[in-house]
> 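Starting off with a structure, shown below.
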There are 2 protein chains.
Amino acid sequence: MDTTNKKILLVEDDPNFGAVLKDYLIINDFDVTLAKNGMEGFEKFKKDNYDLCILDVMMPYKDGYTLAREIREKNKEVPIIFLTAKSMKEDVLKGYKVGADDYLNKPFDSEVLLMKIKAIIMRKASETKTDNTRFEFEIGKFHLNSKLRFLTFPGDEPIKLSPKENELLKMLALHENDLMPRELALTKIWRDDNYFTSRSMDVYIAKLRKYLKQDDEVEILNIHGEGFRLVVKGKAAE
Amino acid sequence: MDTTNKKILLVEDDPNFGAVLKDYLIINDFDVTLAKNGMEGFEKFKKDNYDLCILDVMMPYKDGYTLAREIREKNKEVPIIFLTAKSMKEDVLKGYKVGADDYLNKPFDSEVLLMKIKAIIMRKASETKTDNTRFEFEIGKFHLNSKLRFLTFPGDEPIKLSPKENELLKMLALHENDLMPRELALTKIWRDDNYFTSRSMDVYIAKLRKYLKQDDEVEILNIHGEGFRLVVKGKAAE
DNA sequence: AAAAACATTAACCAAACATTAACATCTGCT
DNA sequence: AGCAGATGTTAATGTTTGGTTAATGTTTTT
């Protein structure tokens, strides 16, 4: 997975250290927002959606734990890493109670922090991966469930789709009314782009056309030498 | 949530330290299995289902990283904590690359370890879909009690289920009307995903279908190459 | 130690799926 | 018009996966 451009909220009261760390993270392709204290941190947190929060523990007005607790009230998911100068046991325990994901004692190695950040973000990503991909589509009167691999036409029994049929129709649906380049389907679905896979794809296009024949508002057009286009009449090409 | 009786695999070659740590964890209501080296650790891992692995990095025959990699091949979910005597940066980075969830330098504070363990287990528990707290299910006209391993059809004697039958049906029920991936059942129930376990699972599917035949509103469908789907007619696919 | 319960492996068949072949048709081009 | 390459379609062939029953191991119970 790629952690590029993930949004990080960094709350750190020491302006020098904060600026340096922010720049270091930006150089490593994160999208960093810096807040100078707990108050400001919470305001910024409410205004945006972050993939990770890095909180300094020792801060004036509002310390890191208090801020973490407020953040947790709003969002029970977002990972939190604490930064602390002292490595007092009580502090560490307190941090975990508040729901920290990790803990770092200053001075820390910047590469280690980077690794922790990536590990934590990837962990979160892999947990939510099941539902972030679209798998249901409306195609004219049809309904496609690409997870269970069936295509339903109101009144009829659902049509079971083979894996290839399913992926191909899904890819067409993702480009509804627009060109779906031949090459795209071949590289993504067949993982190879040659004469035979191309012919195979044509066979599947024929199968899909047969399924979709029931609704004359829906058809798969060929764009010679380019690819295919799933058109649904009554819908603009946008 | 409660972390009581969670199963921990502890792999530590120093017998004194290992025994002490094991006892300490047992006192704190964990169910601990101790392995003396990487080999033994992997054998024990394959034989059981653990909620957490604590691995010493420095071990004869097979070091902690190698073991972690093997564990990850079998199970991409289980949390791993590394213990290491040295706090070398390279080691820490290596650990995170292998998919560690946390890192502890010896000597460490036992209370901190405990807190980390709880934090990590709770985090996993809140994510995982395999809700092992539920044990009663309504499946069409059937009632499944997966604790007592009974499947009841109104009017008939309850059918006694074998452990495998029971776990498989439970897993299907947890995904009612949705896809239950083959791989999921194999890794969770059979703890291994290969040709033979897969064939074994098919045998169990046949057995379950036989039991469920009495209610024609209930059936187990196959989704070729993906897994199975327990459908209860009259219920939407959601 | 024998029996019962459970789990795995084997063997065979059927279904599902993917690819290839063969031939018909269409498209853009000169 | 006529050609070449691309596409449409159906059928045949080949491969993988699943369904089922029975035989063989293994573990637990009696």
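Residue numbering restarts at 1 for every chain, and letters A, B, ... go by the order of the sequence lines.
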> Cation over ring, Lys147(A) on Phe135(A), under 6.0 Å and within 45°?
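Pair Lys147(A)/Phe135(A) counts as cation-pi.
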> With the sugar-phosphate defined as primed atoms, P, OP1 and OP2, and the base as all remaining atoms, what B/S/- string results for nucleotides 10-21 of chain C, 5' to 3', for protein heavy atoms under 4.0 Å?
SB----SSBBBS
> On the six-membered ring of Tyr50(A), is Lys7(A) placed so that its NZ or CZ lies under 6.0 angstrom from the centre and within 45° of the ring axis?
yes
> Please evaluate residues Phe137(B) and Phe142(B) with respect to the criterion ring-ring contact (aromatic ring centres under 6.0 Å, His included), reporting the C-alpha separation (whole Å), side-chain torsions for both, the decisive distance (0.1 Å), and the verdict.
CA-CA 8 Å; Phe137(B) 302 88; Phe142(B) 291 98; over 10 Å; no
> Rounded to the Å, how far apart are Tyr211(A) OH and dT9(D) C1'?
14 Å
> Could I get the full list of salt bridge (Lys or Arg N to Asp or Glu O under 4.0 Å) partners for Asp14(B), not counting sequence neighbours?
none
> Between dT20(D) atom C1' and Phe228(B) atom CZ, what is the distance in whole Å?
13 Å
> Find the distance Arg209(A):CZ to dC26(C):P and express it as a whole number of Å.
12 Å
> Whole-Å distance between dG5(D) C1' and Glu226(A) CD?
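It is 14 Å, rounded to the nearest whole Å.
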> Quick one: which of Glu70(B), Glu43(B), Glu40(B) gives a salt bridge (Lys or Arg N to Asp or Glu O under 4.0 Å) with Lys62(B)?
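Exactly one pass, corresponding to Glu70(B).
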> Pick the nucleotide of DNA chain D nearest each of Asn222(A) and Asn222(B); which residue has the one closer to the 5' end?
Asn222(A)
> Take a 6.0 Å sphere around NZ of Lys160(A) and say whether it holds more than 12 heavy atoms from other residues, nucleotides or ligands.
no
> In whole Å, I'd like the distance from the CD1 atom of Ile205(B) to the P atom of dT21(D).
15 Å
> Could you check how far CG of Leu168(B) sits from P of dG18(D), rounded to whole Å?
14 Å
> I need the CG-C1' distance between Leu208(B) and dT20(D), as an integer number of Å.
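It is 14 Å, rounded to the nearest whole Å.
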> Starting at CG of Leu221(A) and ending at C1' of dC26(C), how long is that distance when rounded to a whole Å?
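Rounded to whole Å, this separation is 14 Å.
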